[in-house]
Structure formats: structure tokens, C-alpha cells
Enquirer: 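Quick one: structure below, then a few questions.
Naming convention: chains lettered A, B, ... in sequence-line order (proteins, then strands); numbering from 1 in each chain.
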Amino acid sequence: MHPQNQIAKKWQKLWEEAKVFEVKEGHKKKFFVLDMFPYPSGKLHLGHARTYSISDCFTRFKRMQGFNVLHPIGYDALGLPAENAAIQNKTHPKTWTEQTITLMKQGQEELGFSYDWSRELRTCDSDYQRWEQWLFLKFYEKNLAYRKKALVNYCNKCNTVLANEQVIDGRCWRCHSEIEQKELEQWFFKITEYAEGLLKDLEKLEKWPERVRLMQKNWIGKSEGVEINFKVKSFEEIITVFTTRPDTIFGVTYMAIAPEHELVMNLVKGTPYEKKIKKFWGQVKKESEIERTSAELEKRGCFTGAFVINPLNNEEVPIFVVDYVLINYGTGSVMGVPAHDQRDFEFAKKYDIPIRIVITPEDKLLDYKKMKEAYVEDGILINSGQFNGLKSIEAIEKISDFIDKNNFGKRAVNYKLRDWLISRQRYWGTPIPIIYCDKCGIVPVPEKDLPVLLPQKVEFTGKGNPLNIESFTKVKCPNCGSIARRETDTMDTFVDSSWYFLRYCSPKYDNGPFEKNAVRYWMPVDTYIGGIEHAILHLLYSRFFTKVLKDMKMLDFDEPFMQLFTHGMVLKEGEVMSKSKGNVVEPEEMYEKYGIDTLRTFMLFGANPEKDLEWSDEGINGIGKFLNRIIELTEFSQTNTAKIKDHYLVSKMHSTIKKVTNNLENFEFNSALVSLFEYTEYLKKNQNLVSKETYKKAIEPLLLMIAPYAPHIAEERWEKFGNKPFISIASWPKYDEHNINPNFEAIEGMIERISYDINSVINLTKIKPTKITLFVAEKWKYNFFSHFKRELEKTRNVSDLIKNTIKYGNEKEIPRLINMILKDPSKMPMAILDEKLEFDIFNQEKQSIANKFKAEVEVLKASDSNEAKAKQALPGKPAILIR
RNA sequence: GCGGAGGUAGCGAAGUGGACAAACGCGGCAGCCUCAAGAGCUGUUCCCUUAGUGGGUUCACAGGUUCGAAUCCUGUCCUCCGCACCA
């Protein structure tokens, strides 16, 4: 066993015994760090390991900062893979799920993540299902859960329907097979009622990544416009269209209607067009959703023989059945304005429909014969009766008003968002608590009868819904007692994950889905950590649930997640790791070889957590070295009493704490590690040059700061260093700005360069020095000065230099520099040469050089005579004299 | 097509106007240690030179702003991601 892992075992046990990570509500300031709970599909993989290392590092940091941190974990245990595995392996989904949870949990425990395990939850537990069903009934009471017959997405491979959000490019999000449209009666959640709130409150989510907010915004897809009613000539029917461009209404030359539209058959029945339209519809229907919605496809349509009347100019225009109009967006019909809409333009060209220009750009005239594409921009209205001469923006207002006033239609808002289809025709989910009675209709299962449990003895054949067995479906109607039938659909697993974060607040609570006070204390989640793949699905649903529960007065906040952090994936050679590609790296293998803390730290070092991490086994060794160095440092018992570098070390310590703290606050774990590398290196180099007290004071912050990365090693060293456990709950080190000397690195660099030169001289002359004389001459100076000297030489423009020094220069140096330049601009290099500060510094640092070379050191100001002396003594080294 | 994020040394990855030939790690090279290998340690790693705190050319490409650009602006090319016949 790797020595690190032995230590890890020890501390994991101690943590558990002392319940270090278990938290209760209290008066301390809380912080809720939530991991997206995993779907247990087998062993922990490297992606999981990285995600949880990220969240654990952050959690531990927050905990050490003194927050009462809730960091729970659980398992999104219901779902199709378990059922499929059951069919394949002839086991029960429950057995399979329990096995995979055990495997996964083992991995999580071994890596030492600081979860409050006492709050672990599983969505397949009966009490979880009970309260989920209870929530469903509340939704049902408020008419937010309803059943309707509709065209729905059906995946033939998964044998179930899917929500719109779960269809990606016309394919199933899980198995990628093509989706078929079927008309079925299904359960929906009325998420569209919350479309506006879900959209508007995106603005509140300042700590969410911009792209996630944008994705949600696009998904909700709000557009404002008007609905306009067109009367159908010689029929009693009306066709309503939705448009965002009422300013183009005088350009309407046809009406486009979706083939599925209920009016179509009425219009053509018994006319010569009936046959043609039926044939056309047949053709379109044969094509898959993917083919039909491909943007490249040429638009096709078919004249119906009917006409509508444009209410604004009373013109008759032909009605076409058209494949490019979607039945489930807007009203399923669109007014055709070929001159100002690209699709309409293409369609009109193909079917010889007139193109009438009603919007013109301000600087030129359009000619419909010469147009190659539609003019879709704003402009000035022409050929538009009383609205001629208006700009598009004004015209949209005026025409909308006009339509409103004359009852030709009304202003309207349209959303792309559809209601959330939650029925699934599968076994391994939470049963929908509904009973169908021939007399009473839809009857909710009474609260006292919850939970509706899944029957255990079920056959998994892969055909049909396994719940469709009499022992489950045959029930008495709770209302009238007559024989009734139980709903066999289960809920989408995304329902399970839409409220689990609330359950974490009081996971054992028995009188409701969550305890109000616990939720009031812990919620909302301060930081939510997970993958970008949930940008729409889960994150939208959870927001919806929160808003609904707020309206039901069960919550007093309306957004569940204050900050969202989306991490990158772990890649190998640019590809996602997967079993089929054979490029899987097992975390277990890695930590057995390199150690648990090394693996954790390495995953935080390789890349910014937000970005993808390109995995390579090679770099991991470097981290091992680094951790070993820290161990060595804490083992070092130095007896030195010199204080040569004390003030530098103190400065370095404070600046390191500052950097690391800021980095961790912003999830820049890799940058924080770099600062820790440097600090470790510095400590190591200067072990002998600092006093014992300072050294000890400097080591402790290092251990504290490495604790979120490598908690086990940190605990071990912390204890060995004479501190009481646990470092995991020790206070995060504080820094004091006054102790940070911004120049010390420059000074140190300077000393190092001098030492290097002294060394070279020694090597050249083979003199073993007893006395070294340093002349503070032009060569030894801050880079800052050399920079300006160079600039001065280049530009010879003193006033510019002064101006820009004020603007950009190091603030502390400005007054002095300006004084110097103002006194005598031409002497500026000399002024720098004689800089008093440098001389003082060298005097201060005399001791450290003396120490290094075990020789006496004297520092002389570089006057002409001194320098001449130096040059004489050692022609190659004008500034150092060695005896 | 629309929207977003990017392109930095052999690789990974920091750096968003001034101490930048550019942190840090990996890899490479040289040295120490060792019989030897590994580990560890020290140094080095754009090019040319040097006794160098010297010179040259760099941060996708091309222009521009500035005393000064990897960093700001404009254009071009490329990569990744999301949405997409949304009226």
C-alpha cells in the first residue's frame, strides 16, 4: 500500500469517529456546497474523482474559513440504465443499483471527500419517493400537473416517451436513437406557466456562467409580437398567425399552414385539392423529424384552393400547406411575407407567389425582380396604406395598436418552452400516485396511502411496461370503492433531482418533504458544482420546482442555486474517456500507485477547473515530489538562530496567503498551487537563514493551505508538528497587507545575481575570499530603474516619461523619480546610479552574502575613485573586489 | 445562419497595458550522488553570442492605437461548444 494511503485510512477513520464533517443548523454563518449527485453506474471514474476533488477543495477551504458548511452527497438512483442492466443480467434494478452505489461510495470514501455522510440520500428510497409523490399531488392540486393527449416524443429503443429537453437533434439524449412522434395521453408539469419568471430571474443569477444563462434564455425562447386573425374566405373559420414583424403585414402574399393543422382537412374536404393535400401530407409524414427540420432542405408546399383575407387591406391571399411551418410553435400557421423573410422568399420563388416590398432601406430602392434574398432588416414602410413613411420600430407599435383596437387580433408573447412531459413507461422510477376510476375519473392517491411502492416481483423482459400487471394496477377507488386502475407510468428521473437539495437539509424528516427551519437555514445553495451538460434540463427543472414551492408558500426564496460552477471534463488524447474507446484511466489504479493525496492534488493542478483536463500519467509524479517536499520541510529540525531572512520570509508568507486565498475564492486551484510550490521552494532554500520561531510560523500556513488539496498529509503533519487535530477544521491563515513588501523579491533577486557573480569571480581567480567589497554601482539596481533609464535613452523625451511615469509607474517610486528628473533631466541615469536606497539595501544584505561566502563583506558607494580602484584590482568585475 | 468560449515556447498551463523571452509543472539536456539504474538534488531549456545585468525574433495571421502591446481596437484564418426552417 502506498504510504500516503495508510495515512489516509487513519485520518478517514478519525474523521468519521469524531463526526468532523457532520453539521447542524446553528447560529454560525452557513455555506452550502452542493455537488450534482451522481447517477450510480459503476465504479467511480476519473471524471467523478476530479469533480469531487474540486468541490471538496472548495468545501474544505470554506469550512476552514469558519463557515458552517453543508456538503452532502447522495445518489440519483432511479433510471433506465438500472432497468436495462436488470433485463440483461436477469437481476432486479434495485439489486443492481445497490451494488453500483456501494462501488461508487467506496471510491468516494477512499478519496477522503469531506461529505456529511449522515445526510446521504437515495432517490430510490421509499421515503424519498413518498415525498416526491406528495409533491406531485400538490402540483396536481394547483393544476400544475395535468394529463393530456398530445403528440409526444417517443424513443422506441428506451420504450418510453421523453420530454422536449431530452430530445437532442431529433434523437434520444440517452441512447441516441431517432425519436418518433406519437399521439399519447401523458402527464405534464405546467412549466410554461413559469416561463416568464424563469426567464426574468436569470438576471438575478449573477454568479452563474454567462453561457448557461444564455442557453436557458434561448431555450425559453421568448418573443413578443401580435396574433392576427385572418378570416378564411367562404368559410366560418379563422386562421390565427403569430408574428414579431407586424410592420410587414402589407407584404403578405400567402398564408402558410402546417400540414398537421386541424383546419387543413376542413378546408379541402370534398374539393379537388383534397387528394393532393393528402398525398403531400403522406410524403411529409414519412420523413423523420430530423429530415424534415433540416435547414438545408428545400421548402415544399401545396396549395389548398382556399384563401384568407388580410384584415388590414382586405386582400385575398392563397393558403398553402407547408412543411416548414411547425405545428407546435406559435399557432401552427404563418403569414407569408416573401420580400422580408428568407424562408418565405425561397418558398415564393419556387411557387411563383408575388413578392411585394413594403419595407425599404433608407438609402436605396429595392427591386423585387433583382432581389437575391429577402430584405429582413428594419427600414421605412411603403405600399402600406396609412402607415407609409413610418420606420419599422414605430410601425410595429402603431400597427399592433391598430390590430388591438379593431379586434383583428391582439398583442401576444410566445415561448419556445413546452410543458414538461414527466410520464415514463418504465419500471425503475417513482410511480405517479394516481388512480383511474370509471365513475370518478382521475383520482389522486390519498396522502395516507403514500408511498405507492414499486412491486418487487416483476419480470423484466424489455417489452412493455413491467408495471402493467394486475397485482399492481388493480385497486379500489379511494373515492367510491369500486374497482379502479392504478397509473402505471413512473415519473421522469429529472423530477427526482429537482428537489433533492431541499431534502438534504433534513433528510430524515417525516412530516413533509423537508423541514421548514432547516431549509430556511441552509438554502439557497451557495455554490453548486456540476457539469455543463445539465445547463438546461436539470437546472431549469430545479428552478421551476423552487418557484412553484415558493408560490405554495413552502419556501421563501425563488432561486435554488446562488452560484453555479461548471467544471470541465477529463480527456485523454482529446477524447472523453469511455470503455468503448478503451482509454479509461481508473482512479483506483492511480491512487494505489501515486497516493490518494497526490491524485487529488494533481487533478486540481492540471488545468483550470472550469476547463477540460487533458490527462497524462506523466505529470502526476511532480505533484508527488511536491508533497514529499512539504513532508520533508515539516520534518526539518533546524537549530539556526540567525534571522537573516526573517523579514523576507514573513513578507513571502503573507503575500502567499493573500494569493492563495484569492485564488481559492475564485476556483483558481491550479494558480493557488503554483503559489504554494513557490512558497515551499522558498522555505526549503532558506531553511538555514531564518530563525526557528519564524520558520515554524511559516510552515503552519503552508500546511493549512495545502489541507484542502491533500487533507490526509496535512492532518498527519499537523499532528506531528505538535498541533491538535483536526487541521480540517482549523482556521484558515490570515494575511496582513502591512507585512507584504512588494520589493522584496526584486531585492532578493539582486542579491542572488551578486552571489552568482561573486561565484564566477571565485571560480575564475581561484581566490578563497576573506573579504568581499561591493561597490554599489549602476549595475546593481532595481529593474524598475533600469527600465526607465532605457526608456529615457531611447526617447530622450523627458516630459513624456514623467507623464507616463505618473500614469503607469510604481506609485511608491514616482515622487522620487520625478524629483530626480526635474532637478536635472540629463543626469537621470546618474541619479539612479547614486540612489541612496540601493546603498542601504546592500548594507542590510551584507550579512546574508557574508554568510553565504563565509567572508567579511563591505559595501562602498560607487564614487569615481572607488570604482577606479575596483577596476584596477579586478578588470573584469568592476563592482566586486575580492581579497 | 445566430450566440458563446478559445488559439501563449516540445507538451499542459498562468499571464489581460508597463520589472515579459513570458510563472509553474511535464518532457529534454548537463552535472552531483551511485558499481549501475531509478529516486533525489543542482543547473539549463526561442535563436545568436558572452566573462555578461549583450543582441535578435516571438504569444494564430495582418494592420491600427500608445512613449510602451501576449494584453486594447479592426479585419482575416482556425478550433471547440450551444441553438437552429421559432414566424
Side-chain angles (χ1 to χ4, degrees), chain A residues 168-169 209-215 217-219 221-223 225 241-245 248 256 292-299 322-326 328-337 341-344 346-347 414-416 532 535-536 574 602 605-608 610-626 628-629 632 668 670-671 673-678 681 684 743 745-746 749-750 753-754 756-757 760-761 763-764 778-788 790-792 794-797 799-801 803-805 807-810 875-877 879:
Chain A
I168 293 154
D169 292 334
E210 186 59 28
R211 62 170 171 160
V212 175
R213 292 197 284 171
L214 269 167
M215 278 158 82
K217 189 181 165 201
N218 289 340
W219 187 260
K222 179 183 183 176
S223 49
V241 300
F242 173 77
T243 180
T244 54
R245 290 292 304 270
T248 63
R292 213 184 127 187
T293 55
S294 155
E296 281 90 59
L297 200 74
E298 203 175 306
K299 284 124 193 57
V322 156
D323 67 346
Y324 72 81
V325 172
L326 307 172
N328 45 21
Y329 181 76
T331 59
S333 40
V334 179
M335 61 187 207
V337 187
D341 181 284
Q342 187 56 27
R343 290 161 314 217
D344 297 351
E346 285 164 33
F347 188 79
N414 237 307
Y415 299 94
K416 277 191 248 178
I532 185 75
I536 292 174
F602 178 57
F605 175 66
N608 184 316
E610 226 169 356
K611 294 184 182 165
D612 290 347
L613 171 69
E614 174 63 39
W615 182 264
S616 80
D617 291 2
E618 280 164 345
I620 194 168
N621 246 332
I623 297 295
K625 279 190 225 170
F626 162 66
N628 283 338
R629 223 167 287 158
E632 280 167 29
E668 290 153 356
N670 50 340
S671 301
L673 265 176
V674 169
S675 300
L676 292 173
F677 283 176
E678 282 172 1
E681 203 57 32
K684 195 185 154 174
N743 287 327
E745 276 177 53
M750 196 158 61
R753 264 177 274 141
I754 293 168
Y756 180 82
D757 282 341
S760 317
V761 174
N763 284 343
L764 266 170
E778 188 197 351
K779 289 194 167 189
W780 322 116
K781 60 186 183 285
Y782 283 103
N783 290 336
F784 177 77
F785 291 114
S786 81
H787 171 74
F788 279 97
R790 235 182 294 137
E791 288 305 315
L792 190 66
K794 244 195 269 172
T795 63
R796 301 264 165 227
N797 182 344
S799 68
D800 267 346
L801 183 64
K803 194 178 77 196
N804 291 303
T805 304
K807 211 164 161 191
Y808 304 113
N810 181 337
K877 282 276 162 192

Enquirer: Considering only heavy atoms from C-beta outward, does the side chain of A/Phe605 approach that of A/Ser671 to under 4.5 Å?
Expert: no
Enquirer: Can you check the distance between B/C33 and B/G43, where both ends of the measurement are the C1' atom (answer in whole Å)?
Expert: 15 Å
Enquirer: To the nearest Å, give me how far apart CZ (A/Phe626) and P (B/C26) are.
Expert: 12 Å
Enquirer: Using heavy-atom distances to pick each residue's nearest nucleotide on RNA chain B, tell me which of A/Val674 and A/Trp219 is more 5'.
Expert: A/Val674
Enquirer: Considering only B/C24, B/A87, B/C83, which nucleotide approaches the side chain of A/Ser223 most closely?
Expert: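 Of B/C24, B/A87, B/C83, B/A87 is nearest to the side chain of A/Ser223.
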Enquirer: Does B/U53 have a Watson-Crick or wobble partner in any strand here, with both distances under 3.5 angstrom, and which is it?
Expert: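 The answer is none; no pair meets the criterion.
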Enquirer: Quick check: do A/Glu681 and A/Arg629 have side-chain heavy atoms less than 4.5 Å from each other?
Expert: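 Yes, at least one pair of side-chain atoms sits under 4.5 Å.
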Enquirer: Shorter than 3.5 Å, N or O on both sides, protein versus nucleotides 40-43 of chain B: list them out with atom names.
Expert:
residue : atom : partner  : partner atom : Å
B/C41   : OP1  : A/Arg629 : NE           : 3.4

Enquirer: Going by the rule side chain to side chain donor-acceptor pair (under 3.5 Å), which residues pair with A/Glu678 if we only count those two or more places apart in sequence or in a different chain?
Expert: none
Enquirer: Scan nucleotides 4-14 of chain B nucleotide by nucleotide, 5' to 3', and note B when protein non-hydrogen atoms come under 4.0 Å of the base, S if they reach only the sugar-phosphate, - if neither.
Expert: S-------SSS
Enquirer: Let me know the distance between CG of A/Asp341 and C1' of B/A87, rounded to the nearest Å.
Expert: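 Interatomic distance, CG of A/Asp341 to C1' of B/A87: 6 Å.
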Enquirer: What distance, rounded to whole Å, do you find between the two P atoms, one in B/G52 and one in B/U65?
Expert: 40 Å
Enquirer: Using the C1' atom in both, what is the distance from B/A21 to B/A70, to the nearest Å?
Expert: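 Pairwise C1' distance, B/A21 against B/A70, rounds to 12 Å.
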Enquirer: Using the C1' atom as the point on both nucleotides, what is the distance between B/C59 and B/U16, in whole Å?
Expert: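 Pairwise C1' distance, B/U16 against B/C59, rounds to 12 Å.
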Enquirer: With sequence neighbours left out, what residues match A/Asn218 under side-chain contact (heavy atoms from CB on, under 4.5 Å)?
Expert: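 Residues passing side-chain contact (heavy atoms from CB on, under 4.5 Å) with A/Asn218: none at all.
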Enquirer: Quantified in whole Å, what is the C1' atom distance between nucleotide B/A39 and nucleotide B/U34?
Expert: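 These two C1' atoms come out 11 Å apart once rounded.
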Enquirer: A/Gln342: what forms a side-chain contact (heavy atoms from CB on, under 4.5 Å) with it, not counting sequence neighbours?
Expert: A/Phe345, A/Glu346, A/Glu373, A/Ala374
Enquirer: Closest-nucleotide mapping onto RNA chain B: is A/Lys416 or A/Met215 further toward the 5' terminus? I mean the 5' end.
Expert: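 Going by which nucleotide is closer to the 5' end, it is A/Met215.
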Enquirer: Would A/Arg213 and A/Glu210 pass as an ion pair if we require N to O under 4.0 Å?
Expert: yes
Enquirer: If B/A13 has a Watson-Crick or G-U wobble mate with both distances under 3.5 Å, name it; if not, just say none.
Expert: none
Enquirer: Starting at CD of A/Glu668 and ending at P of B/A23, how long is that distance when rounded to a whole Å?
Expert: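 After rounding, the reported distance stands at 18 Å.
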Enquirer: In chain order, what residues pass the side chain to side chain donor-acceptor pair (under 3.5 Å) check against A/Thr244, with sequence neighbours excluded?
Expert: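 By the side chain to side chain donor-acceptor pair (under 3.5 Å) rule, A/Thr244 matches no residue at all.
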Enquirer: Pairing check on B/U74: which nucleotide meets the Watson-Crick or G-U wobble criteria with it, both distances under 3.5 Å?
Expert: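 Paired with B/U74, as far as the under-3.5 Å criterion goes, is B/A62.
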Enquirer: Rounded to whole Å, please give me the gap between CE in A/Met335 and C1' in B/A87.
Expert: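 Taking CE of A/Met335 and C1' of B/A87, I get 8 Å after rounding.
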Enquirer: Who are the side chain to side chain donor-acceptor pair (under 3.5 Å) partners of A/Lys611, not counting sequence neighbours?
Expert: none
Enquirer: Between A/Tyr324 and B/A87, is there a side-chain N or O to OP1/OP2 distance below 4.0 Å?
Expert: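 So the side-chain polar atoms of A/Tyr324 never come under 4.0 Å of the phosphate oxygens OP1 or OP2 of B/A87.
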Enquirer: Applying ring pair (Phe, Tyr, Trp, His ring centres under 6.0 Å), name anything that partners A/Phe347, two or more places apart in sequence or on another chain.
Expert: A/Tyr254, A/Phe320, A/Tyr324, A/Tyr351
Enquirer: Taking atom OG of A/Ser223 and atom OH of A/Tyr415, what is their separation to the nearest 0.5 Å?
Expert: 9.5 Å
Enquirer: Between B/A22 and B/C73, how far apart are the two C1' atoms, rounded to whole Å?
Expert: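 B/A22 and B/C73 have their C1' atoms separated by 23 Å.
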Enquirer: Is there a Watson-Crick or G-U wobble partner for B/U44 with both distances under 3.5 Å, and if so, which one is it?
Expert: B/G28
Enquirer: What integer distance in Å separates A/Leu676:CG from B/C24:C1'?
Expert: 12 Å
Enquirer: Would you kindly give the NZ-to-C1' distance between A/Lys217 and B/A84, to the nearest whole Å?
Expert: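 Value for this atom pair: 16 Å.
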Enquirer: Would you mind classifying the nucleic acid contact of A/Phe677 as base, sugar-phosphate or nothing, using non-hydrogen atoms under 4.0 angstrom?
Expert: sugar-phosphate
Enquirer: Rounded to the Å, how far apart are A/Asp323 CG and B/A87 C1'?
Expert: 14 Å
Enquirer: Expressed as a whole number of Å, how far does the P atom of B/A19 sit from that of B/U71?
Expert: 14 Å
Enquirer: Taking atom C1' in both B/G82 and B/G28, what distance in whole Å separates the two?
Expert: 40 Å
Enquirer: Atom CG of A/Asn328 and atom C1' of B/C85: how far apart are they, to the nearest Å?
Expert: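 In whole Å, B/C85 C1' and A/Asn328 CG are 13 Å from each other.
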Enquirer: Not counting sequence neighbours, which residues clear ring pair (Phe, Tyr, Trp, His ring centres under 6.0 Å) with A/Phe626? List them please.
Expert: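 Partners of A/Phe626 under the ring pair (Phe, Tyr, Trp, His ring centres under 6.0 Å) test: A/Phe677.
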Enquirer: Please give the nucleotide sitting opposite B/A5 as a Watson-Crick or G-U wobble pair, both distances under 3.5 Å, or none.
Expert: B/U79
Enquirer: Compare the minimum distances between each of B/A87, B/G25, B/C85 and the side chain of A/Lys299, then state the nucleotide with the smallest one.
Expert: B/C85
